[in-house]
Protein chains: 2
Amino acid sequence: MAPVKEETTELRILEAAREVFTRKGMAGTRMQEVADAAGINKALLHYYFRDKQRLFEGVFKGSAEKQFGCIWDSLQQCDSLFPAIEAFVGAYLERVIEEPGLPLFLANEMSRDPEGLAAFIDRGQGSRARFLKLVEEARARGEIIDIDPRELLVNIMALCAHPFIARPMLAHIHGITEEGFRRMILKRRKTVPEFIIRSIRA
Amino acid sequence: MAPVKEETTELRILEAAREVFTRKGMAGTRMQEVADAAGINKALLHYYFRDKQRLFEGVFKGSAEKQFGCIWDSLQQCDSLFPAIEAFVGAYLERVIEEPGLPLFLANEMSRDPEGLAAFIDRGQGSRARFLKLVEEARARGEIIDIDPRELLVNIMALCAHPFIARPMLAHIHGITEEGFRRMILKRRKTVPEFIIRSIRA
DNA sequence: GGCAATATTAACCATTTGGTTAAAATTCGT
DNA sequence: ACGAATTTTAACCAAATGGTTAATATTGCC
């Protein structure tokens, strides 16, 4: 019938775990605290997710693959660079705002175990190649200045990801709220592509 | 009497602790591991630094605060925006390349305990205000387009910090080495200010 | 209703961990 | 050389923590 936010125990656990993990990090999270936050017994955590590592991956890995799959795919429908940049930045910000802990999680996991997420990264390989080709083509048509395509991609990723990673810093500096942060991110859907395109337009 | 890198025990501890803390974070760091890395007994750690929290602060004050103090200070000698951007980006990249784990470490600690590092952030408050003023002035003089100064600062920080935070990802994607990464960062001392200034110049 | 499968809990357990203590080694002024 | 102060260590300890077990409650099926 109507999928009314099915309140299964497993979902309650995942929700609670995500909250605690993003706040305290893998090492700083206590299984007991997750259990409390989910309103269940600690043993039940191990019943649903065998151990801490699996719980951690259960929380982030799935959504990471889903979200970033969509983000990269947003490129596939674009056949010139500027719309591609707009599409990518828009998709990134819109998806990640729904799960703002993802970028920091990914940075940490990559740092701790580079091989572990290699497959995940390679997933975007095709779209990445496509993006680089779009840059070359735009360059050939004289639409943009001479710039290293890989460096451009790094800059785009930087402008997308950093506000999420530095969120607590921004929150402190600008005394920003949850809702204020959201507005800032959504505003960046326009300003970031503009910022980039102004910089590279021939 | 050349000050030949006085190898006092306290310095060995601080050095070892800095390395472990930045790699594993506050919660993930084990006092035993720091002791081992410093080649001393664990009890000696508590002899020099009463507890984990004080050790953490001791390391942090000597390392992160000094580095970022210099980076922010690089602004003080500039009296117009574009040179200020060049100085800031240059100082950031040159200093942080010597301790590439720092940005991710800071992002994590800010996320875990926002209050704990609040004082550290406020340290840069003066320079931050100065930067914002330089932006206003440049805009008043018609040197740059109309842009939210705070958003500009976020973008600058993003372009500086992100390569360090995403290093393992870049390493995997571009098959980059330690030395290659260093070269890329040093090249960005030029390309990043250029990228920014092209985007904001009126 | 009854019974097998699933979900949930309280009580435990082994290990890890931050921190202490008391004794041994070293340094240093005299 | 000697004794006091400082530095260093080995052995401990109590609390916290990830994880297990065995028993209980609940659900779903006939």
Side-chain angles (χ1 to χ4, degrees), chain A residues 1-62 101 105 108-109 112-113 116, chain B residues 1 3-63 105 108-109 111-113 115-117:
Chain A
M1 316 303 306
V4 277
K5 195 83 166 194
E6 212 186 329
E7 179 72 4
T8 126
T9 301
E10 185 165 349
L11 285 195
R12 280 231 315 284
I13 292 178
L14 282 173
E15 194 53 35
R18 174 158 59 218
E19 196 277 319
V20 181
F21 272 133
T22 52
R23 191 155 42 80
K24 306 235 177 161
M26 166 73 165
T29 290
R30 300 289 99 107
M31 294 296 269
Q32 186 61 58
E33 190 176 352
V34 175
D36 291 347
I40 59 160
N41 186 286
K42 181 164 65 92
L44 205 55
L45 273 182
H46 294 91
Y47 177 76
Y48 279 95
F49 303 87
R50 210 174 305 275
D51 52 31
K52 196 182 182 182
Q53 181 63 33
R54 284 163 214 256
L55 175 59
F56 189 67
E57 284 165 10
V59 168
F60 291 106
K61 214 161 188 171
F105 158 77
N108 278 319
E109 280 309 289
R112 194 179 333 156
D113 175 21
Chain B
M1 304 298 287
V4 279
K5 194 87 165 195
E6 214 187 328
E7 179 72 5
T8 129
T9 301
E10 185 165 348
L11 284 193
R12 281 231 315 285
I13 291 178
L14 282 172
E15 182 58 23
R18 183 182 62 77
E19 196 276 322
V20 180
F21 271 134
T22 50
R23 193 155 40 80
K24 307 237 176 158
M26 166 71 164
T29 290
R30 300 290 99 107
M31 294 296 269
Q32 186 61 60
E33 190 177 351
V34 174
D36 292 348
I40 58 160
N41 186 287
K42 181 165 66 93
L44 205 55
L45 234 44
H46 294 90
Y47 176 75
Y48 280 95
F49 303 87
R50 210 174 307 273
D51 53 32
K52 197 181 182 183
Q53 183 61 33
R54 284 163 213 255
L55 175 59
F56 185 74
E57 285 162 11
V59 168
F60 196 75
K61 286 221 155 61
S63 164
F105 165 78
N108 276 319
E109 291 308 315
S111 184
R112 309 304 171 242
D113 176 20
E115 303 309 314
L117 296 189

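Keep in mind that the numbers below use all heavy atoms, side chains included, and drop hydrogens, waters and symmetry copies. Just so you know, these numbers come straight off a predicted model, no measurement behind them. Here is the naming used below: chain letters follow the sequence lines, and residue numbers restart at 1 for every chain.
DNA chain D lies under 4.0 Å from at least one heavy atom of each of the following residues of residues 12-33 of chain A: T29(A), R30(A), M31(A). Sorted by residue number, the members of residues 38-54 of chain A with any non-hydrogen atom under 4.0 Å from DNA chain D read K42(A), A43(A), H46(A), D51(A), K52(A).
At dT8(D), one or more side-chain N or O atoms of T9(B) fall inside 4.0 Å of OP1 or OP2 (strictly under the cut-off).
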**Request:** Show your reasoning for whether side-chain contact (heavy atoms from CB on, under 4.5 Å) applies to V59(A) and T22(A).
**Result:** CA-CA 10 Å; V59(A) 168; T22(A) 52; over 6 Å; no
**Item:** Verdict with reasoning, R18(B) to E15(B), per salt bridge (Lys or Arg N to Asp or Glu O under 4.0 Å)
**Value:** CA-CA 5 Å; R18(B) 183 182 62 77; E15(B) 182 58 23; 2.6 Å; yes
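Residues N108(A) and R112(A) have side chains that never bring a donor and an acceptor to within less than 3.5 angstrom of each other.
Not a single donor-acceptor pair under 3.5 Å links the side chain of S63(B) to the backbone N or O of F60(B).
Rounding to the nearest 0.5 Å places CE of M26(B) at 8.5 Å from CG of D113(B).
Two residues are said to be in side-chain contact when any heavy atoms from C-beta on lie closer than 4.5 Å; L14(A) and F49(A) meet this criterion.
F21(A) has its ring centre no less than 6.0 Å from the ring centre of F105(A).
Among residues at least two apart or in separate chains, side chain to side chain donor-acceptor pair (under 3.5 Å) pairs with a member in residues 43-62 of chain B are Q53(B)-E57(B).
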